[in-house]
Amino acid sequence: MARYTRLTEPIALITLNNPPVNALSSAVRSGIVDSVSQALKDDQVKAVVFCGENRMFSGGADIKEFSGSMSGPPLVRMIHSIEASEKLMVAAIEGVALGGGLELALGCHYRVANTKARLGLPEVTLGFLPGAGGTQRLPRLTGITAALELITTGRQISAQEALQLGIVDQVTEGNAVQAAMELALSVIGQPLNPRRLSLRPPVWSADVDSVCEVALARVKQHSRGAMAPVACVQAVRAAAMLPYSKGMEKERQLMDTLFRSSQARALQYAFFAQRNAGKWSLPNGARWNNTKARDVQRVGVIGLGTMGRGIAVSLVKAGLSVVALESDAKQLESGKKAVTAMLQRDAQRRGVGSPLHLLTFALSFHQLKDVDLVIEAVFEDMNLKKRVFSDLCKVLRAGTLICTNTSGLNVDELAKVTDRQHLVVGMHFFAPAHVMKLLEVVYGSRSSPEAVAVAMALGKRIQKVCVAVGNCPGFVGNRMLKLYMDQSLYLLEEGATPEQVDQALEEFGFAMGIFKVADLSGLDVGWRVRKASGLIGPDIDPVNPSRWRLGQRYCPLPDMLCQQGRFGQKTGRGWYLYNSPGSKEAKPDPEILNFLEDYRLKYGITPQRISSQEVIERCAFSLANEGFRILEDGIAAGPEDIDVIYLFGYGWPRHRGGPMFYASQVGLSVVLEKMEHYHRIHPDVPSLEPSRLLRRLVAEGSPPIQQWRNHIKNLHSQL
Ligand SMILES: CCCCCCCCCCCCC/C=C/C(=O)SCCNC(=O)CCNC(=O)[C@H](O)C(C)(C)COP(=O)(O)OP(=O)(O)OC[C@H]1O[C@@H](n2cnc3c(N)ncnc32)[C@H](O)[C@@H]1OP(=O)(O)O
């Protein structure tokens, strides 16, 4: 796990060997300790160079170990003894030096990095802080301001930036191990004390307190209730105010608290859930590792509205060649302008050449004849999409995949109009498609494993977090969203205000409350969908609309707002008031409060006091309850996939893991009890009835979330 090599020069090489990222597992730490002791015992060895196998220094401490009982040599002590060693220690950084990996390098007396290396302390993203001395050593190298920024954000930096900040001593285009050896030979014998960071005074900033206050205010504003960024500021402040040993005590204290927190558990769960999502599986047994994806080079994008533009930009940025099609010249021209401007801006920002040569704009389907895959992104209308699909079949080569960017329409129904049902899948992007990371890849009943593999691989290539999901109305994300939205609306009927609901959700950690999100997306979008689905029609009285549709409770409030032309931000009025159409600052609107009061009076609803706790329980538990139904139906392969969808597509706070993880943390029996309670009070809302899977998991002793997949398998095998 750490290989010791005695070189001909007076140098020993210690190679960390724990693929794929050389994480500092207990075995690796033991290997390092043994190797260092071997080097110290060998009188001929004057210097030690640390490096990683496969040109990868280290991805840090082994995150998997954090959920068990930690054994082996502690990282803090190991790094301390490396720093205190009487022999010269040099880190040769290639690939990445992250977290504990960088902390190990900071314990060395010199650091050399390859130009392509990336360095960082991302522990904050896992719910704690660089607890192996990173909060105390880094500020002593870079000064407080830079250390605060790096540690509180977890940002990874290039070798070049690391050199500018003083984190590495040398950057090389060539082999970092070779360069580290040469550096070692040139400094052997020089005093080591000045190189021991723990002995250095911190690089003082004129006013540590005010720098830390500013940092604290910034992290509080962005952290949405996450504790780790705040603790990171406190630890770095200690580095500036206290001697090293006291600073280390503070780091340890803060680490102890964070390490045990549910937030750290949630963030570490999210780390693995995200990586797990790529390991897709289908109910027929096809999986990521038994299905080959063929290569895609040329993609057609149909429709250059908001979604199509974002999709085209994402594809071109990843180096794919794109044919973008519109139905008329005017729309093509406006799409072309927008896509070109987005790509040029991006190239300018990143300091790279413009990729516009990869783009072709077209008005005729015939120009798509050579593409490997098409993504249809026309208006969300089944008949229109069907027309596009059958037109496509007339021009596409036999093996070309047809993907639909629908947010919830039936993929099987669309596939039926084609001559290649096995090559049809959904690719549900989220707006704005060039920014949002999530991609739901929707397999229909006839989609071939290869088609799913191709869509997943393409999604990964354009840097999306892809989740394979089954075909049902709304798929996973929007199917759950509907119930979340319904609950929020019922809360308004029962006495809450949009601000009150949003405030509770934002305090919980959502990036934005649901009513602000609705205003941003445009209330008319849902209105159109409800009209198309027959929920609103000529038989509904527009003045006194019924609160009962299709056999269950229905809230007509959003329809009534739309009738008043209140479509949200774009019209300057929605659930909130805006200074002008298009402006973003949402202000409470007294008109809405009167409107809600009149509505309750009209329907004889006595307003109740709604607590924040009730808002969270009804919204979050409804999401989880529907998540359980999705698992029962086999639409998602596991709870982690659902959580990834909510983390990357719906602003669920990462430090709460996702709705399914949250339910597991609150306790499944508590969630069951609450759902039973709310269903008793609101029997007209069938979705509040606890799902079968939730009941079953509780009956089986509420197993940890990592075991739910087995229970679901058993449930399916009994059906
Ligand atoms: C009880 C109270 C006690 C309290 C006190 C406790 C004191 C304890 C002190 C401990 C001090 C610890 C201080 C240090 C902490 C850390 O170092 S935490 C880890 C910090 N590092 C990271 O966050 C990096 C995470 N990894 C990445 O960002 C990326 O993986 C990568 C390294 C940049 C590589 O990316 P890519 O090539 O895209 O590959 P991936 O798909 O992401 O990963 C490949 C597989 O490797 C697994 N993996 C990656 N990193 C780690 C890791 N650090 N530990 C374990 N496993 C890791 C990843 O899950 C993938 O696995 P598979 O999916 O199985 O292939």
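Note that the structure is a prediction, hence the values are computed from the model and not measured. We number each residue from 1, following the sequence as shown.
Between the side chains of Thr406 and Glu380, at least one donor N or O sits under 3.5 Å from an acceptor N or O. Side-chain polar atoms of Ser334 and Arg309 form a donor-acceptor pair below 3.5 angstrom.
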Name each donor-acceptor pair under 3.5 Å that joins a side chain in residues 634-646 to protein atoms two or more places apart or in another chain, with its distance.
unit_1, atom_1, unit_2, atom_2, d
Glu640, OE1, Arg709, NE, 3.3
Glu640, OE1, Arg709, NH2, 3.0
Asp643, OD1, Met660, N, 2.7
Asp643, OD2, Tyr269, OH, 2.6
Asp643, OD2, Phe661, N, 3.0
Tyr646, OH, Gly477, O, 2.7
Tyr646, OH, Leu481, N, 3.0

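Counting only distance, with no hydrogens or angles, the side chain of Ser58 and the backbone of Asn22 share a donor-acceptor pair below 3.5 Å. Side-chain N or O atoms of Thr400 include none that pairs as donor or acceptor with a backbone N or O of Val374 at under 3.5 Å. Judged by distance alone, with hydrogens and angles left aside, the side-chain atoms of Arg224 form no donor-acceptor pair with the main-chain N or O of Glu506 at under 3.5 Å. Gln268 contributes a side-chain N or O that, together with a main-chain N or O of Leu126, makes up a donor-acceptor pair within less than 3.5 Å. A distance-only check finds a donor-acceptor pair linking the side chain of Lys437 to the backbone of Gln463 [under 3.5 Å].
Heavy-atom minimum distance, Lys317 versus Leu343: CG-CD2, 4.0 Å. Closest non-hydrogen pair, Ser488 versus Ile514, comes out as OG-CG2, 3.4 Å. The heavy-atom pair separating Pro229 from Thr152 by the smallest distance is O-CG2, 3.8 Å. Here the shortest heavy-atom pairing between Ala455 and Val441 reads CB-CG1, 3.7 Å. Across all their heavy atoms, Ala176 and Ala92 have their closest contact at O-CB, 3.6 Å. Here the closest heavy-atom approach between residue Asn114 and residue Glu173 is recorded as ND2-O, 3.4 Å.
Atom NZ of Lys386 has more than 12 heavy atoms from other residues, nucleotides or ligands within 6.0 Å. By the neighbour-count criterion of 12 heavy atoms within 6.0 Å, atom CD of Gln344 is densely surrounded, having more than that number from other residues, nucleotides or ligands. Residue-environment remark: CZ (Arg446) stays at or below the threshold of 12 foreign heavy atoms within 6.0 Å.
Taken from CD in Gln569 to OG in Ser580, the straight-line distance is 10.0 Å, to the nearest 0.5 Å. The distance from atom CG of Leu439 to atom CG of Leu458, rounded to the nearest 0.5 Å, is 8.0 Å. The distance from the CG atom of Asn405 to the CE atom of Met427 is 9.0 Å, given to the nearest 0.5 Å. Of the inter-residue distances, the one linking Cys232 atom SG with Leu150 atom CG reads 11.0 Å to the nearest 0.5 angstrom.
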Report task. Dump the intermediate steps for side-chain contact (heavy atoms from CB on, under 4.5 Å) on Leu304 and Phe361, then the final yes or no. Result -> CA-CA 10 Å; Leu304 281 179; Phe361 293 93; 3.9 Å; yes
* Can you list the steps and then say if Arg528 with Asp524 is a salt bridge (charged side-chain N to carboxylate O under 4.0 Å, His left out)? -> CA-CA 6 Å; Arg528 242 181 283 125; Asp524 51 326; 3.4 Å; yes
Task: side-chain contact (heavy atoms from CB on, under 4.5 Å) between Lys279 and Asn289, worked out - done: CA-CA 8 Å; Lys279 298 174 183 163; Asn289 55 358; over 6 Å; no
- [ ] Kindly determine whether Ile375 and Leu315 satisfy side-chain contact (heavy atoms from CB on, under 4.5 Å), including the steps that lead there.
- [x] CA-CA 11 Å; Ile375 302 173; Leu315 292 163; 4.2 Å; yes
Evaluate side-chain contact (heavy atoms from CB on, under 4.5 Å) for Leu401 paired with Val296, printing each intermediate quantity in order. CA-CA 10 Å; Leu401 257 76; Val296 168; over 6 Å; no
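Salt bridge absent: Asp519 and Lys516 never bring a charged side-chain N and a carboxylate O closer than 4.0 Å. Arg387 and Asp391 are not joined by a salt bridge, as no carboxylate oxygen comes within less than 4.0 angstrom of a charged side-chain nitrogen. Under a 4.0 Å N-O distance rule, the pair Glu626/Lys482 does not qualify as a salt bridge.
The aromatic rings of Trp652 and Phe510 lie perpendicular to each other, with more than 60° between the two planes, well past the 30° mark.
For the pair Arg479 and Phe475, the cation does not sit on the ring face, since its NZ or CZ is not both under 6.0 Å from the ring centre and inside 45° of the axis.
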